[in-house]
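Written below as structure tokens is the structure these notes are about.
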Amino acid sequence: MTEQASRKVEMEKIVSLCRRRGFIFPSSEIYGGLSSCWDYGPLGVELKQNIKQAWWRAVVQERDDIVGLDASILMHPQTWAASGHLEGFADPLVECKNCHLRWRSDDLKGNNCPSCGGELTEPRLFNLMFKTFMGPIEEEASVVYLRPETAQGMFVNFQNVVNTTRKRLPFGIAQIGKAFRNEITTGNFIFRSREFEQMEIEFFVKSGTDEEWFNYWLEERLNWYVKLGIKKENLRLREHTKGELAHYARVCYDIDYLFPMGWAELEGIANRGDFDLVQHASFSGKSLDYFDEETKEHIIPYIIEPSAGVDRSALAFLCDAYDEELAEGEIRVILHLHPALAPIKAAVLPLSRREKLVAVAKQIYADLRQWWMVSYDDAQSIGRRYRRQDEIGTPFCVTVDFQSLEDEQATIRERDTMNQIRVPINELKTTLEAKLSGERFDTQPLWTAKG
Ligand code: ATP
């Protein structure tokens, strides 16, 4: 792997790969696109799905102290009064008096327009929530908002979850879903968009244990990225300064990733104290306290919130996996994606389009796709087909050649090393299963693959 190439990947290369190979397209492209909205293509949707599955597996499936939820995007408008979003979810907006471009004043380094140098207006607060109307009449009384975060759905369902699951503290609720923010300045591809997906945990604990749980979640969440292949040196923790802290937070750390444009937030982890349950109890008039069996007291739990973005994670995984190396005088582009994240787990490639080979290859394809996303490719030279799979991060290629017709074996080629092993066709599934879950690909290569 070329260390330098992977560290210095430019955003244009990622954008171009995503466009070219069908990971991500501009939204409504035939109409000229819609600013900061993106469509995930055939490979992108698989990548995103795999990220969400890996997260769900780590935080819900493999734990007995977190349960899932899927709350609706539209919520009672009072939710946003209680949460503080109606009043406080705003960024300071300035406009250039000359070119009329708009900027977030807290993002600017100087006092002038970064585009033309013109004079800027005084900042005014701009609420980031999208408004719409419920029902046929567009009036103030029917205003609802597209949620700007998934978190509130979990707070307002706290009592429902406690009553139906009998969970005792400490326990959490996890949710994945769309969120919408009318961001002032967007850009950097899918890093900041107006419609995006979040993966959030609200972890309810007794006050006094909150610091310990906060530290636990910092470590847990950092490790999740590392286990899925992000290089440690591209991650860092950054504590919010007092001035930066959101109104609800006691402490907040960002997990930053070294994106092509520099360090930026990948996930935020906040100790929200009892702010949310107190607010919702007060605005709804419903009790949201918790009866502590040990002390026989009614208490309001504290909340630790690890809040991650699916799209930012996808961008970080793509940037970290991207690599270029020189193979046979040509640039080989590789996505070293973790097998759990790779959109396609294996590609079946008959060496030629001869009928007998195709029949065997198609049978293998039909068998393997019962288990994973597998693709079939018989167009152009085998070298080109390997390159195509390397570029989209497919961990394994299964090649069927003329010898396969005699010895009933096929070749598995591994993406990163280009090493190859020969495997009986009826053992392909078990072999791939083991390799996809991390078994070393250390068998002597039959030959050094030139690709
Ligand atoms: P930023 O400071 O970059 O605006 P934030 O602090 O407002 O982000 P949070 O409210 O903490 O973000 O949201 C949690 C996570 O949701 C972020 O870490 C990020 O991964 C994701 N996220 C937030 N806003 C966006 C957006 N506009 N586009 C894509 N992902 C986003």
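Note that ligands are numbered from 1 as they come in the structure, with each ligand's atoms numbered from 1 the same way. Bear in mind that the values here come from a model prediction, so they are computed numbers and not experimental data.
Listed for the Gln198 side chain is a donor-acceptor partner under 3.5 Å among the backbone atoms of Thr150.
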Pair Phe191, Phe259 - check ring-ring contact (aromatic ring centres under 6.0 Å, His included), show working.
CA-CA 9 Å; Phe191 176 82; Phe259 286 98; 5.1 Å; yes
Residue pair Arg272, Glu305: steps toward the salt bridge (charged side-chain N to carboxylate O under 4.0 Å, His left out) verdict:
CA-CA 7 Å; Arg272 303 180 68 117; Glu305 177 193 68; 3.0 Å; yes
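The atoms of ligand 1 that sit less than 4.0 Å from any heavy atom of Gly268 are 18 (O). Ligand 1 places these atoms under 4.0 Å from at least one heavy atom of Ser307: 13 (O), 14 (C), 15 (C), 18 (O). In summary, the atoms of ligand 1 found under 4.0 Å from a heavy atom of Arg192, numbered by their order in the structure, are 1 (P), 3 (O), 4 (O), 26 (C), 27 (N), 28 (N). Taking every heavy atom of Gly309 and a limit of under 4.0 angstrom, the matching atoms of ligand 1 come to 20 (O), 21 (C).
Scanning the protein heavy atoms around atom 17 (C) of ligand 1, the nearest turns out to be Glu265 OE2, 3.3 Å. Nearest protein heavy-atom neighbour of atom 19 (C) of ligand 1: Arg312 NH1, 3.5 Å. At the top of the distance list for atom 29 (C) of ligand 1, counting protein heavy atoms only, stands Phe191 O, 3.1 Å. Atom 28 (N) of ligand 1 has its closest protein heavy atom at Ser193 N, 2.9 Å.
With sequence neighbours excluded, the residues that form a salt bridge (charged side-chain N to carboxylate O under 4.0 Å, His left out) with Glu95 are Arg102.
For the residue pair Tyr225 / Glu267, a side-chain donor-acceptor distance below 3.5 Å is found, with atom types taken as modelled. Side-chain contact check for Asp210 and Ser207: no donor-acceptor pair (N or O, by modelled atom type) lies under 3.5 Å.
For the pair Gln198 and ligand 1, the shortest N or O to N or O distance falls below 3.5 Å. Checking only distances, Phe196 never comes within under 3.5 Å of ligand 1, N or O to N or O. Checked by distance only, ligand 1 and Ala308 stay at 3.5 Å or farther apart across all their nitrogen or oxygen atoms.
In this structure, Lys429 pairs ionically with Glu433, as a charged nitrogen and a carboxylate oxygen lie closer than 4.0 Å.
At least one heavy atom of Leu266 lies less than 4.0 angstrom from ligand 1.
Arg221 and Pro306 get closest at one heavy-atom pair: CG-CB, 3.8 Å.
In this comparison of Arg181, Glu305, Glu267, Glu183, the heavy atom closest to atom 27 (N) of ligand 1 sits on Glu183.
With a 6.0 Å cutoff to the six-membered ring centre and a 45° limit on the axis angle, Lys48 counts as a cation-pi contact of Tyr40.
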